[in-house]
Every structure is written in C-alpha cells, then in structure tokens.
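This report concerns only the one structure given below.
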Number of protein chains: 2
Amino acid sequence: MRADDQQWETSVERPDGTRRRATIHDVAKLAGVSRQTVSRAVNDKGEIDPATKERVLEAARLLDYRPSRFARGMVQKGAVTAGLVIPDLMNPFFPEVAAGVLEAAEQRGWQVVMWDSRIDEARERDALDVLSHQADAIIGYFKSPDEVLARHLGGVPLVLLERGPQQTRFAAVGIDAAAGLEQGMAHLVGAGHRRIGMLDGVHGPGPRRQAFLEEARRNGLPVDDSWIALCAEHSVAGGEAGMERLLDTRPDITAVFGFNDLIAVGAMRTARRRGRRVPDDLAVLGFDGLSLGELVEPALTTLHIDKRRLGRLAVEQVARLRAGEEPLRGADAWLAPELVVRTSA
Amino acid sequence: MRADDQQWETSVERPDGTRRRATIHDVAKLAGVSRQTVSRAVNDKGEIDPATKERVLEAARLLDYRPSRFARGMVQKGAVTAGLVIPDLMNPFFPEVAAGVLEAAEQRGWQVVMWDSRIDEARERDALDVLSHQADAIIGYFKSPDEVLARHLGGVPLVLLERGPQQTRFAAVGIDAAAGLEQGMAHLVGAGHRRIGMLDGVHGPGPRRQAFLEEARRNGLPVDDSWIALCAEHSVAGGEAGMERLLDTRPDITAVFGFNDLIAVGAMRTARRRGRRVPDDLAVLGFDGLSLGELVEPALTTLHIDKRRLGRLAVEQVARLRAGEEPLRGADAWLAPELVVRTSA
DNA sequence: CGAGAGTCCGTGAGCGTTCACGTGAACGTT
DNA sequence: AACGTTCACGTGAACGCTCACGGACTCTCG
C-alpha cells in the first residue's frame with residue numbers, strides 16, 4: 001500500500017483539485033449502479049441482489065462513504081435533538097440531573113447535545129447561539145435574564161431548570177425550596193437550635209435564601225444579614241471559606257444551613273478545623289442529597305432531591321411544549337425535597 | 001384570541017389537512033417577499049431594508065418559523081458533531097472526562113451528543129446505531145469487542161477510551177496503569193507492606209489487575225488469585241462488598257489496592273467496620289484521584305489521573321483521525337497517573 | 001442629463017438523500 | 001401463446017435552505 005493510498009481512498013477529487021467527501025453518487029458510479037441501489041445496500045433494505053449489495057458495500061468502503069446526516073434529515077423527519085446546558089459538570093449534582101435527562105431522552109428516541117457553560121454568561125450565550133441552530137429544544141440552567149435568553153433563542157422552545165415561575169416567562173421545572181426548608185428548619189428548631197446561620201450560594205438571594213429567611217421568621221428566630229455568608233463558589237472550598245467568615249461574624253451560631261451539600265461539607269470541615277464538634281457544637285444541614293454526603297464524617301443530614309427525576313421532568317416538559325400542550329406548573333413541576341437525617345444535624 | 005389561534009399561528013395547513021412546520025417559503029409568502037429576503041432577515045445579513053426586515057421577522061414570529069437545521073447543514077458545511085458514550089454518569093470519574101471532551105470540543109466549535117450506556121452492551125449498540133447516523137465521530141467507553149463495534153459503526157471514526165493498543169485496532173487514548181501501579185506498589189512496599197490485596201473491577205482481568213500482578217511479582221510479593229477479590233460494581237457499595245470477601249479469604253493482608261477510588265473508599269469503610277484501623281492496620285490505595293478522596297476519612301491516597309486531559313486528548317485524537325493523520329500512539333496517548341499521598345496509605 | 005455607484009430584492013441552481021413510482025427481464029400458469 | 005408475478009434496479013421529484021448572480025430602482029456628480 002502506498003503512502004497516499006489513504007488519501008485516494010477516502011475522498012473524491014473535485015474539478016478544482018480539492019477533495020470532498022464521497023456522496024452516494026460517487027459510490028453509485030464506482031459500483032456501476034444507481035443511487036437508489038446504493039441506498040438500498042447501505043440501509044439494508046430489501047429488493048437487492050446479494051451480489052450487487054456486496055459490490056456496492058465494497059465500493060462504499062473504498063470511498064469511505066458515509067451518508068450525510070443532513071441530507072437524510074431533510075427527507076426523513078422525526079429526529080429530535082435536545083440541547084442541555086449544565087453550569088458545572090464537576091459538581092456531582094448536575095451529572096445526576098443530566099443522567100435523568102439522557103434517560104428520558106433515550107426513551108423517547110431523542111438525542112441530547114450537551115454544553116458545559118461553566119457558570120459563565122458569555123458561554124451561556126454561545127451555547128444558545130449554537131443550540132438554537134442545532135437543537136429542537138433546549139433544557140438548562142441559565143443565569144442570564146429572560147430577555148437575553150429570548151434574544152439568543154430564536155424561537156426554540158426552552159425549559160429552564162430551577163428558575164421560579166415568578167422569575168421567568170419560560171417553562172420551567174425545579175425544586176420547592178420552601179417545602180424543603182420547612183422540614184429542615186423544623187428539624188433544627190425541634191433539636192433546640194435558635195441561632196441558625198446560612199451559607200448562601202454565589203448567585204445572590206435566590207429561593208433557598210428566601211425560604212430560609214421565611215422559615216426563620218416563622219419560627220421566631222433572629223434574622224438579618226449577619227446570619228448569612230456568601231460563598232464565592234458552590235464547592236467544598238467555597239463552603240470552607242464562607243464558613244470562616246460566618247464564624248467570624250457570628251461565632252454564636254449553633255447550626256448552619258448550606259446552600260448545597262458541597263458547601264455544607266466545606267462548612268463541616270472549617271467548623272472542625274476551628275475546634276467545633278459536629279453536630280454537638282454545631283449542626284450542619286445540607287441541600288441536594290449527594291451520595292457524597294453519606295461518605296463524609298459525620299454523615300451529612302440533608303434535604304434530598306431526586307435529581308434524576310428532575311431531569312426526566314424537564315424532558316417531559318419539553319415534550320409538552322413540542323406537542324403544543326400547556327407546560328406543567330406548580331407542584332407537578334416543582335419537586336419537594338425530602339429530609340434525610342444522618343448525623344451532622 | 002380564539003382557542004385555535006395557536007394552531008393557526010404555529011403551523012401551516014397542508015392540502016390533506018394535516019399541519020407541518022412553517023418553511024422559509026411560508027414566511028416569504030406571508031411577508032410578501034422572496035425566500036432570499038427571509039434568509040437575509042433571519043440570518044441578520046446586510047442588504048435589507050430595516051422595515052422589510054421587521055416585517056419578515058414578524059411573519060416568522062407569527063408562523064413560529066425556525067430554519068431547518070438539516071437544510072442549513074446541507075448547504076453550509078463544517079458543523080461537526082461528536083458522539084460521546086459514557087458508561088455511568090453517576091461515577092464522578094466520567095463527568096470529569098466528559099468535561100474535558102466538552103471543553104476541547106467547544107474550542108474547536110464542535111458539538112457533542114452524549115449517551116449514557118449504563119454499562120449495558122445492548123445500550124452500547126443502540127448508542128452506536130444512532131450515533132453512527134448522527135455524529136461525525138464517536139468517543140467512548142465500550143465493553144463490546146472490536147467486531148461488534150465495527151458492525152454498528154458504519155465507518156464512523158471511533159476513539160476508544162482506556163482500551164489498550166493490544167486490545168483494539170481502533171484509535172484510543174487511556175491510562176498507563178503500569179506506570180501508576182509502579183509508583184503505588186513502590187509506596188506500599190516502601191512502607192513495609194508485603195501482603196497486598198487487590199479489589200478488582202467487574203470487567204474481569206484488565207490492565208490494572210495485570211499491572212498489579214506484574215508489580216507484585218517484580219517486588220517479590222506472594223501472588224495468586226486469593227489476593228484478589230472482584231467487585232460486582234464500580235461503586236462504594238461494590239467496594240464494601242468486595243472487601244468483605246477479601247478479608248474473609250485473606251485476613252492477613254496489610255494493604256489493599258482498589259480498582260478505583262470509589263471501590264477504595266468502600267474498602268476503607270468495610271475495613272473500619274470490621275475493626276481495622278486505616279492506615280495503621282490496613283493501608284488503602286485508590287486509583288483515579290477523585291476529589292471525593294480528599295473528603296473522606298482518612299483521606300485517600302490514590303493514583304491521580306488528569307481526567308479532563310484524558311477527555312481533551314480524546315478530542316485531539318478524533319481531530320487527527322478526521323484530518324487523515326496518524327492517531328497518537330504510546331506515551332502521547334497514554335496518560336501516566338501520579339501518586340498522591342494522603343493518609344490512607 | 002446621463003453615467004456610475006449604491007441599495008434593495010428576486011431567480012435559478014445546487015447541496016445529498018429517500019420516496020413513490022416505473023421498467024424490463026425471467027419465470028411460472030392456464 | 002398470452003398473461004400475471006416477482007425480482008432487481010433505475011428515474012424524477014421533493015425536502016428546505018443558502019449562494020452566486022442579476023435586475024430594478026434611487027442617488028450623486030460631472
């Protein structure tokens with residue numbers, strides 16, 4: 001085999017000398033049959049002599065022919081592609097949501113193209129610009145406001161993850177933070193805690209903080225901003241740093257609620273490093289229910305979310321949008337967390 | 001607005017009464033312009049009067065027109081789609097690899113459609129059947145042998161993850177288990193360990209076990225199958241169960257090497273539950289370098305892999321295949337793990 | 001006032017498939 | 001011998017879009 005054999009085999013010469021991918025026509029010519037016969041061979045349809053079929057396939061192999069998915073899509077309708085935009089694949093929460101999306105999509109025969117926005121609004125827009133051209137619907141977490149999304153959406157249906165109904169005019173699925181915090185606070189207050197802090201996430205006052213404040217008020221606890229510290233990132237390190245600050249401003253807290261499990265784990269680590277026993281001196285409550293929480297010490301008490309279900313629900317929401325039906329609203333689209341009591345609180 | 005307005009607005013009636021999605025032609029007709037002008041408007045090209053552009057966009061909005069990505073793809077070449085097949089999104093290892101793939105793909109302007117095979121060969125084949133039609137190249141973990149892959153591939157370039165050069169004729173990128181085990185074993189033996197067991201993964205004797213045996217021999221340690229237990233799944237639970245059996249058959253071990261970090265963590269838990277202190281009574285060594293390992297107690301000593309880099313490398317490998325270049329072989333495509341000593345060993 | 005330039009818009013062709021037919025040959029049936 | 005059937009294959013059209021043209025119209029300026 002000569003060195004340039006591969007070049008010769010895998011493409012076809014143009015009049016201008018450049019090379020292009022082989023088309024069905026090239027295969028037909030080489031095999032001495034019509035396009036239709038090539039189509040029959042490669043698609044394993046009937047009505048073809050086994051011998052010619054073999055000859056066609058050989059020609060296809062030689063030219064490294066692969067049907068254009070675009071040309072196919074033109075004529076065969078029904079291939080659905082959903083876009084999925086995830087803010088941070090390193091946070092174990094999101095792969096699990098993604099798994100739910102993939103599972104539901106597979107069942108429906110859809111495919112999903114994935115995008116990691118890495119919590120960057122510019123990358124969010126890039127994702128939308130691409131996916132609005134390449135996907136039939138988009139599911140995802142977005143920081144950008146509705147108007148920006150709409151501008152980069154070009155009319156493609158969108159299902160937002162965890163953006164409250166008051167906060168968006170798009171269809172959405174999410175988590176009922178209030179229902180979660182109610183359980184969580186009841187647990188902490190029931191254990192005698194009155195001085196409860198919160199380690200909030202980076203995106204400013206969201207539903208979780210709001211629910212936290214609401215429940216604190218309902219339980220007659222002292223509430224003001226001094227009980228809340230912001231974490232620069234939604235990670236263990238972010239939680240560690242946030243907890244440092246919270247303990248500085250509020251050394252008297254006896255319990256802390258973490259925006260998510262990662263932050264809560266960070267809080268535990270800082271607390272112990274600073275000489276507080278968990279849960280005896282300081283109770284820690286997480287939010288997410290990562291399996292990681294069972295592995296740390298002490299095991300993390302948390303408000304568990306069925307993340308796979310959230311993903312499946314998002315796909316169902318997309319299906320409704322596509323069918324022209326009303327999207328799910330309220331409790332059907334808003335999952336309630338479940339308190340899982342382990343040892344950290 | 002009447003109840004059927006939405007129907008009317010979002011689709012176009014066919015002669016036979018059914019409805020289809022609006023095309024560029026429908027928009028042109030409604031706006032009283034030509035297809036080309038519609039194209040100019042929706043693609044934000046120049047050479048169009050702002051007023052007519054507005055009129056066209058309004059018509060497009062009314063008909064809920066979105067350009068067919070297939071028709072676009074037909075004429076505008078260059079959109080590359082890669083398929084990524086992951087065995088288990090719940091294992092934190094794989095999202096990190098995926099993140100690397102997504103990162104590199106984004107840089108090249110490619111998109112990636114993801115598939116979770118959930119360690120099921122039938123699902124692997126489904127993935128290939130779909131992706132071979134919809135993707136320009138495929139990256140992934142596969143259990144199925146080469147012939148099966150080839151049969152469902154239809155000529156699409158494939159880059160295998162972690163399948164050794166001797167084990168496949170496809171291009172691949174992976175991890176140099178031997179280089180890792182050399183460091184790991186040196187560490188354990190250097191600490192005085194002579195009776196070292198292994199918790200192997202579910203897929204039978206792979207490179208990691210082979211490297212383990214090799215190094216054990218090189219260090220003059222006793223080696224036979226009694227020092228190895230199989231884990232039914234690559235998870236903490238799998239590691240726990242495997243460790244139970246290993247401690248039953250080999251109560252005299254002083255160190256154990258886990259197939260991956262999850263299994264190693266499981267091993268630690270079982271060891272401690274059975275009254276052995278880690279690392280004093282039993283040293284535990286992991287493989288993967290999940291960030292989880294820093295969080296458990298004691299912190300896991302492990303052979304760390306740059307998983308993102310592995311993902312990026314896979315994309316680079318695909319790029320080579322597509323360019324007709326020789327794929328990377330040897331050290332360039334086979335990442336060496338790095339021993340990260342923490343406290344478990 | 002006519003030539004040239006600029007602005008806006010339309011026309012035909014072509015992208016690579018598949019689908020619904022149409023055709024011709026070989027074979028059997030009455 | 002005339003006719004239907006089956007098999008293997010080919011032909012034209014259609015899918016929805018963009019690109020390279022070209023045409024009409026307005027504006028400017030010598």
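The structure displayed is predicted, hence computed values, not measured ones. Within every chain, numbering begins at 1; the chains are lettered A, B, ... in the order of the sequence lines, protein sequences first and strands thereafter.
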Identify whether any heavy atom of B:K45 sits under 4.0 Å from a base atom; if not, whether one sits that close to sugar-phosphate; answer base, sugar-phosphate or nothing. sugar-phosphate

D:dC17 C1' sits how many Å from A:Q134 CD, rounded? 13 Å

Please evaluate the base of D:dG12 for a donor-acceptor partner in the side chain of A:R35 within a cut-off of under 3.5 Å? yes

When you measure from the side-chain N and O atoms of B:T37 to the phosphate of C:dC8, is any distance below 4.0 Å, counting only OP1 and OP2? no

Does A:E47 contact D:dC7 through a side-chain donor or acceptor facing the base, at a distance under 3.5 Å? no

Can you tell me the distance, in whole Å, between the OH atom of A:Y65 and the C1' atom of C:dT18? 10 Å

Taking only the side-chain nitrogens and oxygens of A:S68, find out if one of them lies under 4.0 Å from OP1 or OP2 of C:dT17. no

Between D:dC17, C:dG10, C:dA20, which one does the side chain of A:Q36 approach most closely? C:dA20

Suppose we call a contact any N or O donor and acceptor under 3.5 Å apart; does that hold for the side chain of A:Q76 and the base of C:dC19? no

Regarding B:R69, tell me which of base, sugar-phosphate or nothing describes its non-hydrogen contacts under 4.0 Å with the strands shown. nothing

Measure from CZ on B:R40 to C1' on C:dT11 and round the result to the nearest Å. 11 Å

Measuring to OP1 and OP2 of C:dT18, would you say a side-chain N or O of A:R72 lies under 4.0 angstrom away? yes

Would you mind reading off the distance between A:H25 atom NE2 and D:dT11 atom C1', rounded to a whole angstrom? 13 Å

Test item: A:V318 and A:R322 side chains (from C-beta on) under 4.5 Å apart, heavy atoms: yes

If I take atom CD1 in residue A:I24 and atom P in nucleotide D:dG10, what distance separates them, rounded to the nearest angstrom? 12 Å

To the nearest angstrom, how far is A:R66 atom CZ from C:dT17 atom C1'? 15 Å

Flag the pair B:L102 / A:L89 as yes when at least one side-chain heavy-atom distance between them is below 4.5 Å, and no otherwise. yes

Test: A:R21 and A:D26 ion pair at under 4.0 Å: no

Whole-Å gap separating C1' (D:dT18) and CE (A:M74): 12 Å

In terms of the nearest nucleotide of DNA chain C, which residue is placed more toward the 5' end: A:F70 or B:T52? B:T52

Below 4.0 angstrom from OP1 or OP2 of C:dT11, is there any side-chain N or O of B:S34? no

Does the pair A:K53/A:D44 count as a salt bridge with the N-to-O cut at 4.0 Å? yes

Nucleotide C:dT17, atom C1' - distance to NE2 of B:H133 in whole Å: 12 Å

State which of C:dG16, C:dT18, C:dC9 makes the closest approach to the side chain of B:D49. C:dC9

Assess the side chains of B:E121 and B:S144: does a donor N or O sit below 3.5 Å from an acceptor N or O? yes

